[in-house]
Number of protein chains: 2
Amino acid sequence: MIGLVQDVGVRSDTPATRIRRALKEQMDTGLLGPGDKLPPERELSALFGTTRITVKEALQSLEAQGALYCEDRRGWFVAPRRLDYNPMYRSHFHALVAQQQREASTRLIAARQEVAPASTCQRLGLPALSRIVVIRRVRSLDGRAVMYAEHHLRPERFPDILMQDLTQSLTGLYERVYGIRYGRSRFEIVSGAASGEVAQALALREGSPILQVTRVNHDEAGVAIDCDHEYWRHDAVRIVVESQ
Amino acid sequence: MIGLVQDVGVRSDTPATRIRRALKEQMDTGLLGPGDKLPPERELSALFGTTRITVKEALQSLEAQGALYCEDRRGWFVAPRRLDYNPMYRSHFHALVAQQQREASTRLIAARQEVAPASTCQRLGLPALSRIVVIRRVRSLDGRAVMYAEHHLRPERFPDILMQDLTQSLTGLYERVYGIRYGRSRFEIVSGAASGEVAQALALREGSPILQVTRVNHDEAGVAIDCDHEYWRHDAVRIVVESQ
DNA sequence: CAGTGGTCTAGACCACCAG
DNA sequence: TGGTGGTCTAGACCACTGC
């Protein structure tokens, strides 16, 4: 253990740590900017003289920090900055995004009546096996799919809503067409994992971490009339809440 | 591809999927309950006829979903249920936990004056290189460390606070000893990754996903007087916010 | 000190995306 | 169809935990 020619300047200098540090440095100095694509994993492993598994481990740890993201079978990219999102303002997604000088788009996946899942029956105070309107959409920020949303509505409060243009703001639609004004609402925010349709819609691996926002909206009389399930890419959003 | 003796009942029946499914089933049926320890990775890999890397991948994906958690070099455990936490109520952690029929404890890590990091100067509207009081604590739920908190205070508003018992509720202390009553506050919630002291305090691997809650508190005159940085185990908490 | 997870090597084949 | 990440095998040694 004497006089070996080694890097001893940095403690715990494992291969994965070296890769993380090198990539971070490139991002800090701006040599790699938001949206840039990284070289393929095989190339990185040759570059750093290690195996793909080790490279992947370093990349995944940067992904967990929100510094990088991965598109399934397409490659690794530097993450854009987060969107500030205040779930208390039922602000229109497009307006919110425009305020932050970015570009929004919405894709409708499905809109139909379905039998409500048990959790929605509970939240909306519906009897078992009730039918609800379900609207599924994917929202993109600067061309990148960042959020999958599922809206569950009491059908009797929203007649013929399936005939409407459902790529616009639903909040606006509720107010304009159905004269619905909200009273209190309740949110729950948990960190979860992408699976099935959510993972597919957001181009995420099964099991990638996501931020799950569930909201139950009540009318002015206190009746729960709809609930939303939003699944955000964990690196795409910063939730902001102000009290008073 | 004809007549091979295979499981064909389930699509995408990869080794990792089989392991996930088997473990989930054991948890659903209660054969594995909250807090239970899983067999060692090596044993699981023998059991499922696969390698440790594959087993680990399955375990990590259940960890991302919040179903399992891992204590560094100690083993894998079934995750307890989440704590409901409403950051709008500046409710005392111990009271909150007791309300949910669970047990809380607090460990003081450090309390001293330090030079404020730039982000805290910005948030509290302090000049560069100001000194602040920093209090670092770890909070446990039923004996498991679930949250690391760092409190940053304007020192002139909290004279001699370092002489106080800092394992109790700080909110209570502020009010009782310093007569401080809050006006508005602002939260930010982002999903991040554990590193350094946070990872160590929560017995997490470097890079494990966490939920980061930052709060800036103002007095009744609108002056920012302190800010908190909370780092929650991502599987330990459900954030609940009610509006109106 | 034994047990456990943390990390790593050096390959292999598969599944999906884009040209 | 070629390139990419997704997944997997079959080992190895290290570092920390707790007896």
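From a predicted model like this one, the values you see are computed outputs, not experimental measurements. Below, chain A is the first sequence line, B the second, and so on; all start at residue 1.
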N/O (side chain, [X]) to phosphate O (OP1/OP2, [N]) under 4.0 Å:
X	N	result
B:Arg74	C:dG5	no
A:Thr54	C:dT7	no
A:Thr51	C:dG11	no
B:Thr50	D:dT9	yes
B:Thr14	D:dG6	no
A:Lys56	D:dG5	no

Inset, instruction - Without swapping roles, check the side chain of B:Arg81 against the backbone of B:Ala236 for a donor-acceptor pair under 3.5 Å. - result: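 Here the side-chain-to-backbone pair does not exist.
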Legend entry - Exam field: side chain A:Asp142 to backbone A:Glu103, donor-acceptor pair closer than 3.5 Å: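 Such a contact is found between A:Asp142 side chain and A:Glu103 backbone.
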Legend entry - 5' priority, DNA chain C, between B:Lys37 and A:Ile53 [closest heavy atom]: B:Lys37
Would you mind reading off the distance between [X] atom [atom1] and [N] atom [atom2], rounded to a whole angstrom?
X	N	atom1	atom2	value
B:Trp76	C:dG6	CH2	C1'	11 Å
A:Asp72	D:dG5	CG	P	11 Å
A:Glu63	D:dG6	CD	C1'	13 Å
B:Leu68	C:dG5	CG	C1'	15 Å
B:Leu204	C:dG6	CG	C1'	14 Å
A:Phe48	C:dA10	CZ	C1'	19 Å
A:Gln60	C:dG6	CD	C1'	15 Å

Legend entry - Position toward the 5' end of DNA chain D (nearest nucleotide), B:Glu71 or A:Glu43: A:Glu43
Salt bridge [X]-[Y], side-chain N to carboxylate O under 4.0 Å:
X	Y	result
B:Arg215	B:Glu188	no
B:Arg233	B:Glu63	no
B:Arg136	B:Glu114	yes
B:Glu71	B:Arg144	no

Inset, instruction - Would you indicate which nucleotide in C:dC8, C:dG5, D:dT7 comes nearest to any side-chain atom of A:Pro15? - result: C:dC8
Inset, instruction - Consider the side chain of B:Pro40, meaning its heavy atoms from C-beta on, and name the nucleotide among C:dT4, C:dG6, D:dG5 that approaches it most closely. - result: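 The answer is C:dT4, which lies nearest to the side chain.
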What's touching nucleotides 12-15 of chain D from the protein side, N or O pairs under 3.5 Å?
unit_1 : atom_1 : unit_2  : atom_2 : d
D:dA15 : N3     : B:Arg73 : NH1    : 3.4

Inset, instruction - For residues B:His234 and B:Ala64, report the shortest heavy-atom separation together with the two atoms involved. - result: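 Looking at all heavy atoms of both residues, the shortest contact is NE2-O, 3.4 Å.
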